[in-house]
Amino acid sequence: MRLAVIMAGFGGQGVMSMGQLLAYAGMFEGKEVTWLPSYGPEMRGGTANCTVIVSDEPVASPVETKPDACIIMNRPSLDRFEGAVVPGGLLVINTSLCDKPASRGDLRVVALPATDLAAELGDVRVANMVALGAFLAVEPVVQAASVVDALKKALPAHRQNLIPLNERALALGAETARAQLTA
Amino acid sequence: MRLAVIMAGFGGQGVMSMGQLLAYAGMFEGKEVTWLPSYGPEMRGGTANCTVIVSDEPVASPVETKPDACIIMNRPSLDRFEGAVVPGGLLVINTSLCDKPASRGDLRVVALPATDLAAELGDVRVANMVALGAFLAVEPVVQAASVVDALKKALPAHRQNLIPLNERALALGAETARAQLTA
Amino acid sequence: MSGKVLMKGNEALAEAAVRAGCRFFFGYPITPQNEIPEYMSGRLPEVGGQFIQAESELAAINMVYGAGGAGARAMTSSSSPGVSLKQEGISYMAAAEVPGVIVNMVRGGPGLGGIQPAQSDYFQATRGGGHGDYRTIVFGPATVQEMVDVVGKAFELADKYRTPVVILGDGMLGQMMEPVVLPEPIDPASLPPKAWATTGTGGRRPPVVINSLYLDAAECEAMNRRLQAKYREICAREQMAEIAFPDSEYFVAAYGTTARICRMAIQEARARGHRVGLLRPVTLWPFPAEAFETVIGRAKGFLTVEMSLGQMVEDVRLVVAGRAPVSFYGRTGGVVPSSDEILIEIEKMVEGGGSM
Amino acid sequence: MSGKVLMKGNEALAEAAVRAGCRFFFGYPITPQNEIPEYMSGRLPEVGGQFIQAESELAAINMVYGAGGAGARAMTSSSSPGVSLKQEGISYMAAAEVPGVIVNMVRGGPGLGGIQPAQSDYFQATRGGGHGDYRTIVFGPATVQEMVDVVGKAFELADKYRTPVVILGDGMLGQMMEPVVLPEPIDPASLPPKAWATTGTGGRRPPVVINSLYLDAAECEAMNRRLQAKYREICAREQMAEIAFPDSEYFVAAYGTTARICRMAIQEARARGHRVGLLRPVTLWPFPAEAFETVIGRAKGFLTVEMSLGQMVEDVRLVVAGRAPVSFYGRTGGVVPSSDEILIEIEKMVEGGGSM
Amino acid sequence: MTSRDTERPLGAEVVYERPRALADVVTHYCPGCTHGIAHRLVAEVLDELDVAGRAIGVASVGCSVLAYKYFNVDMQQAAHGRAPAVATGIKRVHPEAVVFTYQGDGDLAAIGTAEIIHAAMRGENLTVIFINNAIFGMTGGQMAPTTLVAQKTTTTPRGRDPARAGYPIRVCEMVSVLDGAGYVARAALSSPSNIARAKKAVRKAFESQLGGYGLGLVELLSSCNVNWGMSPGDALRWIETDMIPVYPLGVFKDRSEAGAEAARMEVAG
Amino acid sequence: MTSRDTERPLGAEVVYERPRALADVVTHYCPGCTHGIAHRLVAEVLDELDVAGRAIGVASVGCSVLAYKYFNVDMQQAAHGRAPAVATGIKRVHPEAVVFTYQGDGDLAAIGTAEIIHAAMRGENLTVIFINNAIFGMTGGQMAPTTLVAQKTTTTPRGRDPARAGYPIRVCEMVSVLDGAGYVARAALSSPSNIARAKKAVRKAFESQLGGYGLGLVELLSSCNVNWGMSPGDALRWIETDMIPVYPLGVFKDRSEAGAEAARMEVAG
Amino acid sequence: MKGLVFFDEDRCKGCGLCVPVCPKDVIRMADRINVRGYPPAEAVEPERCTGCGLCARMCPDTVIRVYRQTPARAGKG
Amino acid sequence: MKGLVFFDEDRCKGCGLCVPVCPKDVIRMADRINVRGYPPAEAVEPERCTGCGLCARMCPDTVIRVYRQTPARAGKG
Ligand SMILES: Cc1ncc(C[n+]2csc(CCOP(=O)(O)OP(=O)(O)O)c2C)c(N)n1
Ligand SMILES: Cc1ncc(C[n+]2csc(CCOP(=O)(O)OP(=O)(O)O)c2C)c(N)n1
Ligand code: SF4
Ligand code: SF4
Ligand code: SF4
Ligand code: SF4
């Protein structure tokens, strides 16, 4: 098993930490992982993206020009990454901030209004967890429980109270995705 | 014809300019020449030396570890350079500032009190020309007249009056050397 | 899990340095290595160390010279343009035999260039980019874990040989996160004392002098001969390389991040039936000639891949010395080659396209 | 006499630069090249030029970047430690394609080293001592006359290719006097205009920008490919070398001052009946591979002699690529090899002692 | 009237339009960053003095590295800290040109300390626009030499401690000691009135060059709201409440004829 | 009594003997060069404060490059201009050590400008002995930043022209602007009385370090008779007639307890 | 005195610096998002604008143009 | 007050700086040349020396040692 996913969105949408949590979770499950951010001035105010690879073998390259999946948090990211995904790969699209549908026909697509769903949960900042939940429902490369474990490790003591909210977000994303897939 | 001569003495004895005049004179006579000074802090207050090569062929290397001749203007220079001269080579020694005779037996030696002779001429600063005159008397690698030509070129207008003194110095050195050789 | 933590390369490197007994860091910000000084600024005071954001890279390397000469394990880090500014100081350290570790998270050059990963400072690092006949030990790690490992080794060899050691990473290696196992911390007080270091005479011994001035040419040459003898010893003892699939007919030579991508391409090439192996220098100087010698006899060709337009390939050519074709593929300026591009080059090599 | 004058190398170089249209000199004193700034400080004001004693070598090279970018023929000179400090600036000039001439009168290193002549900055000069994939044209003249000649060539090529050009001399070449014929002076006003230079738009044209920042990796790579294309052209057109006794069986490869001494040793060796020739690169980069190719077929061996502990020898080995043994003899730190020592090495080579 | 209508209304008096010397592009600066204001002031002065056609600017390394895209004049991008040296090279070649550098406090007051001091020492007829935002912006908010005591940055995570990291450097006070400095002043980009004063100082710094009085340097107290972790508005307030007390505004030197008198009047600034 | 007799006469009171912190070697300095006096003063102060055993000196590049041979203390030789950075590295490793640099005006005021300013900015507890001889001695008499207007040097053959080569830099005045500077003073090695004052200043500069008041810097106006083209005696007179008017003597800063008061008294110097 | 204030909306980065400096409270941040993804500044009750120009002086992004129309000259053109 | 001044002649570089500072004109430059090639300073009529130490303070090369012998303590040792 080797899965490469690119996550992309505006700076501030929690794209980087979403990737880190996935990588952490993979590590907790004994898998090999890498996390690679885009960096530099393009991040300032603009878009941010990172690449996570989860694998049973040591990861040869942290760079992936043909990812198995993309989590797309906004419109510019769709324009930039849709073309890169391998045929048959997965696109998770946050339709709240992406007014365009996927244009390729050879991909599996989960389109959900992650930001709106997060707002419904009470905090737009968990839109990333909604999207991650949706992704994991389709590509269960790690268990959602491991993501929560990772979150417990990552959050400082005074922020541990945010765990339940994040769990709900993961679950809501997963449900929505499953509903779409079965639909 | 190729002749390499090292000239050495205290800084201020005119060793460098003696070498330059010889090189100039050689150039005026259409010969190939190089002049190479020692440089750096060792010059400060200490000794100075330069190497002049006059040749019919282009000069391969300006460095000469086994010179055909040395003009020795003071005692430390004798200690340093006597050993280097090729067997059968020439040593011109300024006995005014060198209280030791040459120790090698395989060299031609001209020993003359150049500084004292210069003082007699009225200016100790022409000791270098006395020594050069002596040298040229034995190794006529250039004509004394060419040295005077060089001097005319080198001296600024308001110093041209020094030419006759220098000519006398060259001549006095030459005479003294010839007297020694015939003696 | 076994004590693994997920860390950014730059931060893992910094923590590994602290654990290797480094207590003094002098740096100046530059992308893509800012996490190193940032981490050190928080971490060193916790362990009784000192962090200084120097006024420039020049000042930083000379502070390392001071601290290293005073007996401490000291480090600086920067990226390409900043490392160019350190060259005079590194030359001084080499000549005065002052240990210290210099990290270069290489970015696209020349000039101000860009901030994406590159390997185009290989010449500078391996040929003593400053003036004079000197070398520095150079590590080219390929993973965050290996970066952690070579940091300890770097401090060890710096002290052992009294020489500056360079860690040549790249922006990607600095920015990426991977699981790492960190080594046990070393207490700097437990390290062997350095009798040559400036500490004050205490009135008990003659003064020590850290110096690189030799006005007498013979003495200056003697200093150089001393250095060269040391360098020969380093070459004999400290070469590090990895060979994957040593029984191959063809070899890709690559280091650092590029080697990881080459490994993917090699796997694919082998899946297509090509007998291709990987020769990955870990020490870039000393260049692992011995590892090459173990395969040169049977190798039908070498492909060198770099994120530069051809630097390490010269060392490969020098070792191979005409005994097999050596070809080259490179991307530069921050562009990372893909495994597909490399695969194409591998197939060219196998089909005999390799040039000398 | 034919217009010959006897001049110190440093002064002849400086005068040649003025005659080549150089009107701007920015330098910082360092032995053994002080006569260059000293000469320029007196001479440039006479021809309407400007001399600045900069606050450092860093400032000096960046003034050259400014003046060169503004369209002038500008120069700086220094010696080893000072040239290390210029590396970042030279990398910027290469990347921004700003012409300029940099003189290095090499002295013994590394570190503060000594002030006697050396050739141990060859790597730095020929491999782009700064960061990134760039090269500079490098001349290694052997006589004062040749130094005068290459100065004109250096300014010409710097402008033609919009690239920094290095003249690699050594303390001896700078300090010695030899007869020289100086070229006719060029009036800088007569040189072709430089449309790319900053002069002020005058409101008549779009702004020009001198720059080396390329935040986009693809653009940064494109800049590099542009440079590499230029470098290939330079390699194809601008190699310069001298071969003495081209029909020999053995060759000594040496440049600059060392080549002169080798010539003496070769004369002696030939007198002893050995068929030995001299292969003397005048351009060190581009390395005159073509000249080597003309003799490699019949050559039984090469001996490289340098005032370093082995730098140019790598280029010789790269060209020879195993087709003949290449041996090396070097002195360093300011020690000048004697022709006797070299003769011994020649005889070793002829007797088969040459190693690959 | 919130439209993209770019026509000038007929018969109206222009209070403010984009200066011609400013290129018509959107800058990469963060929202609310005062670099944009500083750029505009420079461009306005170039227009007013009618010297854009003979201006040559030197961009430095910092957030303003792309300044070469923003001015409608010939530009050279300089290595980090070396802008005054680059400008010196240019000015000596084109003495009739109006040469200016645009430098941040990392660029000018850290790595480039020697270059600015010596450009002032030489009395180079240059104009230096010095943006003091108390931080390294471009590289992500590290300490600058101008960082205030106790200010938190990514390399002073516990606040700048003078015992380890020293004290804020006051560039104007230091540079004005040098005889070759022609005009030295500090202003703040924190409010319309301070911006008006800043513009006057920028103009004076160019006039110092035009008059041959030597180096003209204007230090502009600026905000970096992003790396300070504040809103743009709070950042401007912080300039006034925290920076100005450490960096008093005023004219520190004015060698021009009118200078001596003006200095006395404006220091209250 | 002109003998080599090195015994101390029985029962005599010592007025002057070689300080123990000075190595018993003959220096390479030119006859009459005041570098020798400066060395002696430093050594005397190290002896008097009894700190030679914990002193670490940093030699710079200039005529005093060999200073590492002349002091009986641990020494590091630093690259040209970088002595304050090297000393900073040493001092941070050995905070209990007494660390000093010895630098010329080329080293400190030209290439090393940034390093001295920033050592002062950081308030490093170091002592800096700054030899201002208005010239580059070691390299053969080129202009220094401190060269006087109209002074002839090998790179200002027609005399230093401010329009091209700028104005003398006054280091003490500049450094004392920095908050981290603990003690800043200028003295002259031109006469026995000035040398006595110089020694007091050197002592204060070490005490500033010992007291933790920050950087202690003493500028010593010195002679370079050889490159000035004067006799040693004339060179001392030139310090008094030509240098002191440009470089006034006195204490520019003293952060030590007694400092404020002492400053007022000594400025008359 | 009547002012005319124009916002080049697509250049606006939504920093809000212009808002508090307007003595007539003419400016507010819009609810919509411009092409660059920021809520742009806009004029409410622009007729209150006196043309003092303070907003333009404050704006870092040359979004704002300001003109003054004196009633007398208004029609002259 | 009686002074005792000693010159370590071989260290002397003959710069002459000590000569004019002596208030009692005790010092002059010798005619001979020392091992370093310089004419060394020497004391003439050393009994005039008061032990003020000015010469030693002036000498750049620590050639000079100065002591003071108060008549009372002279013999005590
Ligand atoms: C030689 C070198 N060192 C370091 C850097 C990295 N660097 C880029 S900008 C910068 C500092 C920017 O700060 P400042 O000058 O204050 O400008 P700001 O970004 O705050 O406007 C640094 C250190 C570089 N590009 N080159
Ligand atoms: C990087 C570098 N640049 C230049 C030099 C050459 N250099 C040696 S000493 C010196 C200046 C000496 O002047 P100063 O500091 O005033 O000391 P002084 O000799 O007058 O005592 C210079 C430029 C060097 N060694 N290294
Ligand atoms: S990082 Fe700071 S200085 Fe840079 S553009 Fe953003 S606000 Fe401005
Ligand atoms: S050159 Fe000048 S500074 Fe150097 S030792 Fe001689 S007199 Fe002193
Ligand atoms: S011009 Fe004045 S009144 Fe009109 S909107 Fe702007 S700030 Fe308000
Ligand atoms: S100040 Fe300018 S950029 Fe900021 S909100 Fe107002 S109009 Fe927009």
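Here is the naming used below: chain letters follow the sequence lines, and residue numbers restart at 1 for every chain. Nothing here was measured: the structure is a model prediction, and the numbers come from that model.
Within the 4.5 angstrom heavy-atom criterion, no atom of F:Ile117 approaches chain C. Proximity to chain C (any heavy atom under 4.5 Å) is restricted, for F:Val61, to the side chain, taken from C-beta onward. Heavy atoms of F:Ala52 lying under 4.5 Å from chain C belong exclusively to its backbone. Contacts between C:Arg204 and chain F at a heavy-atom distance below 4.5 Å are absent for every atom of the residue. Both the backbone and the side chain of F:Arg92 come within less than 4.5 Å of a heavy atom in chain C.
The nearest pair of heavy atoms linking C:Glu55 to F:Ala114 is OE2-O, 3.8 Å. Summarising the geometry of F:Ala85 relative to C:Ala59, their closest heavy-atom pair is CB-O, 3.6 Å, with the distance given to 0.1 Å.
Without hydrogens or angle criteria, F:His94 side chain to C:Thr198 main chain gives a donor-acceptor distance under 3.5 Å. The closest donor-acceptor contact from the side chain of F:Asp74 to the backbone of C:Val208 lies under 3.5 Å. Under the 3.5 Å distance criterion, the side-chain polar atoms of C:Tyr92 are left unmatched by any main-chain donor or acceptor of F:Gln77.
Taking the side chain as every heavy atom from C-beta outward, C:Ile52 and F:Glu124 approach each other to under 4.5 Å.
Once rounded to the nearest 0.5 Å, the distance linking CD1 of C:Ile61 with CZ of F:Arg82 reads 12.0 Å. Atom OG1 of residue C:Thr199 and atom CD of residue F:Glu96 lie 9.0 Å apart, to the nearest 0.5 angstrom.
Interface summary for chain F: among C:Ala74, C:Gly49, C:Ala67, the most heavy-atom pairs under 4.5 angstrom belong to C:Ala67. Between chain C and the options F:Ala78, F:Gly89, F:Gly112, heavy-atom pairs under 4.5 Å are most frequent for F:Gly89.
Summarising the local packing, CZ of F:Arg20 is surrounded by 12 or fewer heavy atoms from other residues, nucleotides or ligands at distances under 6.0 Å. Other residues, nucleotides and ligands contribute only 12 or fewer heavy atoms inside 6.0 Å of the NZ atom of F:Lys69.
Looking at F:Val93, F:Ile90, F:Thr88 one by one, the single match for side-chain contact (heavy atoms from CB on, under 4.5 Å) with C:Met63 turns out to be F:Thr88.
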